[in-house]
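Report on the structure given below.
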Amino acid sequence: MLRLRSLVQKGLAHRFGIILLLVFINLGISCATRLGLLLYTGRGFDWTISNLFGVFGIGLIYDLAISSYIIIPFVLHLWFTSEKLYAPAWRKWVIGLYLGLMVFFSISQLVPAEYNAALHWGVVALFGMRLLIYLLLAKKGPAFRMQWRKYVLCADIFLVTFLLLFNSISEYFFWNEFSTRYNFIAVDYLIYTNEVLGNIRESYPVVWIITGVLIVSFAIVWYLRRNIDRALRQAVSFQRRSVVALLLLIFPLITYFFVTNNWKRFSSNAYANELAANGLFEFGTAFFHNELDFYRFYRVLPDAEAFNIVRQQLETPNARFVSNDPFNLERQITYAEPERNMNVVMISVESFSADFMKAFGNDQNITPYLDSLAEKSMLFTNLYASGTRTVRGLEALSLSIPPTPGQSVVKRPDNGNMFSLGSVFRSKGYTTQYLYGGYGYFDNMNAFFSGNHYDVIDRNALRPDQIHYANIWGVADEDLFALTLQQLDSNYKTGKPFFSQVMTVSNHRPFTYPEGRIDIPPSRQAREGAVKYTDYAIGQFIRNASEKPWFKNTVFVIVADHCAGSAGSVELPVTGYHIPMLMYSPGNITPQKNDRLMAQIDIAPSILGLLKFNYRSKFFGQDIFSLPAGHERAFISTYQGLGYLKNGELIIQSPLQQVEQYKPDFTTGKAQKQPLNDSLVKQAIAYYQSASWLLKNNKYRN
């Protein structure tokens with residue numbers, strides 16, 4: 001023990017001892033974060049010795065991997081810091097380098113100005129500031145520059161410590177909402193900094209958090225200041241610095257090529273796997289792999305076999321395949337009854353779990369209007385969302401396609417002119433619209449919907465005097481619905497039927513809304529209040545709509561984009577995907593309950609089936625009203641886990657060709673592992689594989 005302590009002291013005294021300090025700082029903060037999240041998770045974690053060893057053992061590997069990346073700029077700094085750079089012969093080259101970097105970042109979109117102009121120009125200003133500092137130091141002597149380097153290193157270590165501590169707290173808030181380490185959601189949060197930072201400011205005591213982190217960071221650097229000064233004053237030749245630096249830079253290369261986030265999958269307990277991970281490592285993985293190649297990472301069938309299975313599943317009495325091409329799923333959908341050119345208003349409600357409603361056992365009375373409306377509507381009680389994010393819900397509702405691994409199609413490049421619900425309605429002479437309470441550039445909504453046969457209307461259509469309340473995500477739902485009524489009135493005057501999808505925003509953290517609307521004050525910033533306010537706004541909208549001349553010929557579809565949360569001790573807890581749907585049209589739809597298993601991708605063809613539309617379909621979803629018994633199934637997913645729910649069994653496909661089968665408990669969300677059923681496994685693979693094939697080969701086009 002004494003020898004180890006002596007070696008550590010010697011290492012800290014070396015010129016590169018600063019690197020060792022940084023590693024210790026990162027490991028300490030990461031371990032404390034992991035322990036804190038473990039204690040917070042509590043009973044959801046399977047408290048076994050093997051899980052604890054896995055969490056902290058595998059976690060240590062990930063923490064060391066992140067340490068290897070953190071040290072890179074410090075290694076380069078210590079390696080190349082030299083008095084020669086201030087000699088007259090070198091000055092013009094250094095000045096030219098800084099000027100070149102400033103020009104490059106000014107004209108490039110490496111840091112996109114569209115999402116945060118301040119950050120874009122901040123990078124340019126940073127290089128400008130570095131140039132001014134270089135010119136200042138060039139005029140000073142070596143003693144001044146030595147002191148300067150000491151303070152700069154202290155400041156840099158302070159900054160890294162601050163960021164690591166702040167990240168630790170951010171991971172707690174992220175875990176509190178999503179029960180995972182960083183993933184695609186966190187990547188989106190980085191891209192849309194305006195909305196996300198605004199959300200954080202409105203949701204949490206940011207000033208106090210930052211103050212606390214600043215104090216702790218300062219205390220750590222103050223405690224280590226003598227070690228930093230001692231290490232910096234060690235004279236080491238450039239040759240020796242080069243040897244040490246090159247040895248240290250081997251570690252990030254090893255990390256990049258050999259350490260993967262698949263190592264965390266050591267346990268059947270989902271919390272254990274996530275706790276073993278490192279948030280920053282997961283963030284990097286998600287950032288650079290936002291789309292997963294199904295054929296590379298998942299178990300596959302021969303393509304012909306996969307499509308044959310899907311064709312068998314999609315074959316119904318009113319659906320006739322139009323081609324003998326085995327890779328063509330296009331069908332002619334026909335109904336004996338005449339078409340009904342009714343208007344359709346789809347309200348996709350932000351983060352609306354089934355268990356918020358009385359019909360699903362809730363006794364908090366937070367959806368009084370929807371509870372009453374359910375008794376006058378067709379209520380779907382066995383519906384499951386495709387994913388855990390709005391873009392997954394929008395993908396399912398508009399494209400009726402299973403959730404392929406990686407990022408949603410809504411956010412992928414080259415996603416225009418897809419076969420969509422909007423394209424079918426427009427082919428029938430409808431006005432088709434997507435209305436959103438926020439700014440449509442968020443989550444790529446403008447580009448996706450405008451490129452797929454919808455007119456996009458967002459908060460830009462509202463004058464300031466028409467907005468009663470807004471937070472960082474958008475206007476209050478009542479203002480969105482007021483705008484919607486105006487648009488629907490305008491649509492009616494054209495004499496054309498209309499299909500309008502409305503995406504709400506109020507049921508989203510920070511859970512704020514106008515005062516005086518409901519009996520839960522917005523100052524509480526509680527999910528229950530946001531749910532009840534959205535319920536209030538929908539009720540106000542339907543009551544106002546009932547006075548319009550177009551009301552009697554309109555079908556209202558109210559459905560969630562996804563649940564409020566999807567956390568659980570298993571990877572895909574079914575309770576985290578259970579959402580409600582109401583179809584309401586007095587005089588046209590008989591009030592009843594529909595208990596058949598239904599996927600979110602079935603909603604689009606079911607709406608068209610309700611209207612008895614004859615059309616050519618590429619949808620993977622099916623009309624629930626004409627679906628033969630035994631064909632019911634649902635799809636649930638994360639960005640990596642692909643679930644197939646059928647006959648009370650759940651097949652989960654994961655990267656590295658893993659396939660597992662579970663018997664889920666639809667009350668608790670827990671699941672028991674089962675032997676694989678070959679037929680179900682093949683169906684699951686076939687659906688996801690054929691969807692991936694069609695997208696990859698640009699065959700899911702209009």
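None of the values given here were measured: they were computed from a predicted structure.
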Within the structure provided, determine whether [X] and [Y] are in side-chain contact (heavy-atom separation under 4.5 Å).
| X | Y | answer |
| --- | --- | --- |
| V345 | F499 | no |
| F625 | Y335 | no |
| M583 | F380 | yes |
| V475 | L483 | no |

State whether the side chain of [X] and the backbone N or O of [Y] hold a donor-acceptor pair below 3.5 Å, judged by distance alone.
| X | Y | result |
| --- | --- | --- |
| R412 | Q407 | yes |
| R426 | V424 | no |
| S585 | T554 | yes |

For residues 530-538, dump all side-chain donor-acceptor pairs below 3.5 Å to protein atoms at least two apart in sequence or in another chain.
residue, atom, partner, partner atom, Å
K532, NZ, N365, O, 3.3
K532, NZ, D519, OD1, 3.0
K532, NZ, D519, OD2, 3.2
Y533, OH, E478, N, 3.2
Y533, OH, E478, OE1, 2.8
T534, OG1, D477, OD2, 2.9
T534, OG1, A530, O, 3.2
D535, OD1, Y369, N, 3.4
D535, OD1, L370, N, 2.8
D535, OD2, Y369, N, 2.9
Y536, OH, Q540, NE2, 3.3

Original post:
To the nearest 0.5 Å, what is the distance between CG (L373) and OG (S377)?
Top reply: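 L373 CG to S377 OG: 3.5 Å, rounded to 0.5 Å.
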Original post:
Checking side chain to side chain donor-acceptor pair (under 3.5 Å) for the pair R527/N507: CA distance, chi angles, key distance, verdict?
Top reply: CA-CA 7 Å; R527 167 76 73 178; N507 186 27; 3.2 Å; yes
Original post:
Given the rule in the side-chain contact (heavy atoms from CB on, under 4.5 Å) test, do H453 and N417 qualify, once you have shown the distances and angles that lead to the verdict?
Top reply: CA-CA 7 Å; H453 314 285; N417 198 33; 3.3 Å; yes
Relative to each other, are the rings of [X] and [Y] parallel, tilted or perpendicular (30° and 60° limits)?
| X | Y | result |
| --- | --- | --- |
| Y384 | H578 | parallel |
| W473 | F442 | perpendicular |
| F551 | F556 | tilted |

Original post:
Looking at L394, D455, N452, which hits side-chain contact (heavy atoms from CB on, under 4.5 Å) with Y434?
Top reply: L394
Original post:
Can you tell which of F448, F620, F419 makes a side-chain contact (heavy atoms from CB on, under 4.5 Å) with L399?
Top reply: F448
Subject >> Salt-bridge criterion met for R463 and D465 (N-O under 4.0 Å) >> reply: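 The answer is yes: the pair qualifies as a salt bridge.
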**OP:** Show the numbers, then the answer: is there a side-chain contact (heavy atoms from CB on, under 4.5 Å) between V213 and W208?
**Re:** CA-CA 9 Å; V213 174; W208 289 107; over 6 Å; no
Original post:
Is there a side-chain contact (heavy atoms from CB on, under 4.5 Å) between M598 and I603 once you walk through the steps?
Top reply: CA-CA 8 Å; M598 186 175 179; I603 294 173; 4.0 Å; yes
Original post:
Are the ring centres of F174 and Y182 closer than 6.0 Å?
Top reply: yes
Subject >> Of Q433, K496, Q486, the residue whose pairing with N491 passes side chain to side chain donor-acceptor pair (under 3.5 Å) >> reply: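 It is Q433, the one option of Q433, K496, Q486 that forms the side chain to side chain donor-acceptor pair (under 3.5 Å) with N491.
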Within the 3.5 Å criterion, strictly below it, is a donor on [X] or [Y] matched to an acceptor on the partner's side chain?
| X | Y | answer |
| --- | --- | --- |
| T390 | D561 | yes |
| E350 | T504 | no |
| N446 | Y436 | no |
| Y469 | T512 | yes |

**OP:** Take D489 and K548 through the salt bridge (Lys or Arg N to Asp or Glu O under 4.0 Å) test and state the conclusion after the steps.
**Re:** CA-CA 8 Å; D489 285 340; K548 302 293 184 178; 3.0 Å; yes
**OP:** Please say whether the positively charged group of K428, taken as NZ for Lys or CZ for Arg, lies over the ring of F613, i.e. under 6.0 angstrom from the six-membered ring centre and within 45 degrees of the axis.
**Re:**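 Verdict for F613: a cation-pi partner in K428.
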Original post:
Can D623 and K612 be said to form a salt bridge (Lys or Arg N to Asp or Glu O under 4.0 Å), step by step?
Top reply: CA-CA 10 Å; D623 174 12; K612 306 303 178 184; 5.8 Å; no
**OP:** For N594 and L379, run side-chain contact (heavy atoms from CB on, under 4.5 Å): C-alpha distance rounded to whole Å, both residues' side-chain angles, the deciding distance at 0.1 Å, then the answer.
**Re:** CA-CA 6 Å; N594 190 315; L379 174 66; over 6 Å; no
